[in-house]
Amino acid sequence: WINPGKTFLYAATFGRGIWRIPLVGGSLDFNMSAPLRVYGGQYAAIRFTFDSPTTVGSHLSMRSYSPDLIIPDVLTPPIGVTSWTYYAQTRAVSAIAGGSMRAYYGLGTRTAITLIYPYPTVTLTLSKPAIYGGENVNATVRFATAAPFDTGLLLYDNAGPLITPSTVTVLTGTTSAQAQLTSLPVVSASTATVTAFLGGNTTTATLAIEPYPLIGTFTLSRNWVYGGEPVYGTIAFANTPVRPLSVRLSSSGSAASVPAALTFKDGPSGAFTVTTRSVLAGTWVDITARVGTLASGISRRLSILPYPVPT
């Protein structure tokens, strides 16, 4: 410790006199820390903390003992700080490498080590090869080896009708992570290319996105009934859907109920039953069919009457 204003350095030269130089006060002790693990090619955040604020001329002498950890011989922190972070570049590696380093500051010395890992091999798969616009699909990224630390990957669709999360994270000690991708409605068939990016390496998967087929006809076997009588509905598409498709059904009133959905698998048409209830007075309900996730639909009105009272 230097007592400011009371500690001096005396320098003399032959024939030129003696100089008294006041020494800057403060401790020259410090600490250094580095991340335990990084991927080769990333920056390693090396943090320094000083017991007293740095001054003019404060500097750290550095030494890296690994060719894969790039650190200058001298680091100059800003003036007046007690903590400072330097980001050291690492090189890409094919196997785990130890990036050890040593720092000198004043009379102190500190060492630290960062393990430098090669980027894992990544694969990307989708839960479905094709969907209708508006449907969701799950993307799975998988590492060939367990992640040494939480590892975030960029996940994106260059120009397709997909909404993707910006990143997906493979947690420490695991090999995979999932993310849900949402597609936008389309008016014509489209192909989306989903890309996962990690450390300059990319892997892709393609997804076919098709527009929902339009309902060609929607009929009810009767447009009025007495409460308690069944009615039969029929829905037909102009063409057979290329993949299984769900048509959502709903009733606007409690006097009639319908199945939640009608699934088309092997043909362009399907049928369902409308169950009506006894009523005390005449009423009506709208039976609506909606394709997939589309909000709009086609409706048919059904009148429900009370049974006449015998006289």
Exercise for the section: Could you go through the side chain to side chain contact (heavy atoms under 4.5 Å, CB included) check for L302 and V231 one step at a time? Expected result: CA-CA 9 Å; L302 174 65; V231 178; 4.0 Å; yes
Practice task
Would you sort out whether I46 and I71 count as a side chain to side chain contact (heavy atoms under 4.5 Å, CB included), showing the intermediate values?
Solution key: CA-CA 10 Å; I46 305 172; I71 305 178; 3.8 Å; yes
Practice task
Please lay out, stage by stage, how L207 and T191 fare under the test side chain to side chain contact (heavy atoms under 4.5 Å, CB included).
Solution key: CA-CA 6 Å; L207 177 70; T191 299; over 6 Å; no
Practice task
Test side chain to side chain contact (heavy atoms under 4.5 Å, CB included) on R248 and V258 and set out the steps.
Solution key: CA-CA 10 Å; R248 293 178 291 135; V258 294; over 6 Å; no
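Residues L69 and M101 meet the side-chain proximity criterion, which asks for heavy atoms closer than 4.5 Å. Inter-residue side-chain proximity for L155 and P165 is flagged as met; some heavy-atom pair is nearer than 4.5 Å. A 4.5 Å side-chain heavy-atom check between L249 and I235 finds at least one atom pair inside the cut-off. Looking at Q178 and T140, their side chains come closer than 4.5 Å, going by heavy atoms from C-beta outward. Considering only heavy atoms from C-beta on, T109 stays 4.5 Å or farther from F30 through its side chain.
To the nearest 0.5 Å, atom CG of residue N223 and atom OG of residue S303 are 6.5 Å apart. In this structure, CD1 on I113 lies 9.0 Å from CG on L36, to the nearest 0.5 angstrom. Taken from CG in L171 to CZ in F149, the straight-line distance is 12.5 Å, to the nearest 0.5 Å. Considering OG1 of T234 and CG of L220, their distance stands at 8.5 Å, rounded to 0.5 Å. With rounding to the nearest 0.5 angstrom, the CG atom of L60 is 12.5 Å from the CG atom of D73. One finds the CD1 atom of I298 at 13.0 Å from the CG atom of D286 (value rounded to the nearest 0.5 Å).
The stretch residues 230-242 participates, sequence neighbours left out, in no salt bridge (charged side-chain N to carboxylate O under 4.0 Å, His left out) pair at all. Among residue pairs with one or both ends in residues 167-205, none qualify as ring pair (Phe, Tyr, Trp, His ring centres under 6.0 Å); sequence neighbours excluded. Among pairs with a residue in residues 181-205, none fulfils salt bridge (charged side-chain N to carboxylate O under 4.0 Å, His left out), at least two apart in sequence or across chains. Here salt bridge (charged side-chain N to carboxylate O under 4.0 Å, His left out) pairs that include residues 212-240, with residues two or more places apart or in two chains, are R222-E229. Within the structure, ring pair (Phe, Tyr, Trp, His ring centres under 6.0 Å) contacts touching residues 254-289 (residues at least two apart or in different chains) are F237-F264. Within the structure, no pair that satisfies the ring pair (Phe, Tyr, Trp, His ring centres under 6.0 Å) test touches residues 52-77, not counting sequence neighbours. Residue pairs meeting the ring pair (Phe, Tyr, Trp, His ring centres under 6.0 Å) criterion with at least one partner in residues 109-141, sequence neighbours excluded, are Y39-Y119, Y132-Y212.
By the criterion of side-chain heavy atoms lying less than 4.5 angstrom apart, applied directly or through intervening Ile, Leu, Val, Met, Phe, Trp or Tyr residues, F218 is grouped together with V285 in one hydrophobic cluster. Connection of L181 to Y156 is not established within any shared hydrophobic cluster, with ILVMFWY side chains joined at heavy-atom distances below 4.5 Å, either directly or through further cluster members. Transitive grouping of hydrophobic side chains (ILVMFWY, heavy atoms separated by less than 4.5 Å) keeps V291 and V186 in distinct clusters. Under a hydrophobic-cluster definition in which Ile, Leu, Val, Met, Phe, Trp and Tyr are linked whenever side-chain heavy atoms come within less than 4.5 Å, directly or via other members, M32 and L115 are assigned to different clusters. At a threshold of 4.5 Å between side-chain heavy atoms, the hydrophobic network of Ile, Leu, Val, Met, Phe, Trp and Tyr places I287 and I215 in one connected group.
Formation of a donor-acceptor pair under 3.5 Å by the S58 side chain with backbone atoms of V56 is not found in this model. A donor-acceptor contact shorter than 3.5 Å is absent between the side chain of T204 and the backbone of V194. Remark: the backbone N or O of G228 is paired with a side-chain donor or acceptor of T276 at under 3.5 angstrom. T90 contributes a side-chain N or O that, together with a main-chain N or O of Q42, makes up a donor-acceptor pair within less than 3.5 Å. Checking side-chain atoms of R91 against main-chain N and O of G41 turns up no donor-acceptor pair under 3.5 Å. For E210 (side chain) and S190 (main-chain N/O), no donor-acceptor pair under 3.5 Å exists by modelled atom type. With hydrogens and angles disregarded, a donor-acceptor distance shorter than 3.5 Å links the side chain of S183 to the backbone of G134. At distances below 3.5 Å, at least one donor-acceptor pair connects side-chain atoms of S127 with backbone N or O atoms of N138. Under a 3.5 Å cut-off, the side chain of R142 and the backbone N or O of L124 do not form any donor-acceptor pair. Checking side-chain atoms of S299 against main-chain N and O of T288 turns up no donor-acceptor pair under 3.5 Å.
Here the rule is side chain to side chain contact (heavy atoms under 4.5 Å, CB included) with L153, and of T167, V170, T169 only V170 fits it.
Applying the salt bridge (Lys or Arg N to Asp or Glu O under 4.0 Å) test to R102 and every residue at least two apart in sequence or in another chain returns nothing. Scanning for salt bridge (Lys or Arg N to Asp or Glu O under 4.0 Å) contacts around D150 gives an empty result, with sequence neighbours left out.
The distance between the ring centers of Y105 and F50 falls below 6.0 angstrom.
Here Y232 is tied to no hydrophobic group at all, with no ILVMFWY side chain closer than 4.5 Å. Within the hydrophobic cluster formed by Ile, Leu, Val, Met, Phe, Trp and Tyr side chains joined at under 4.5 Å, directly or through other members, V74 stands alone, with no partner residue.
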With a cut-off of 3.5 Å and sequence neighbours excluded, list every side-chain donor-acceptor pair involving residues 76-87.
{"unit_1": "S83", "atom_1": "OG", "unit_2": "R47", "atom_2": "NH2", "d": "3.3"}
{"unit_1": "T85", "atom_1": "OG1", "unit_2": "R47", "atom_2": "NH1", "d": "3.4"}

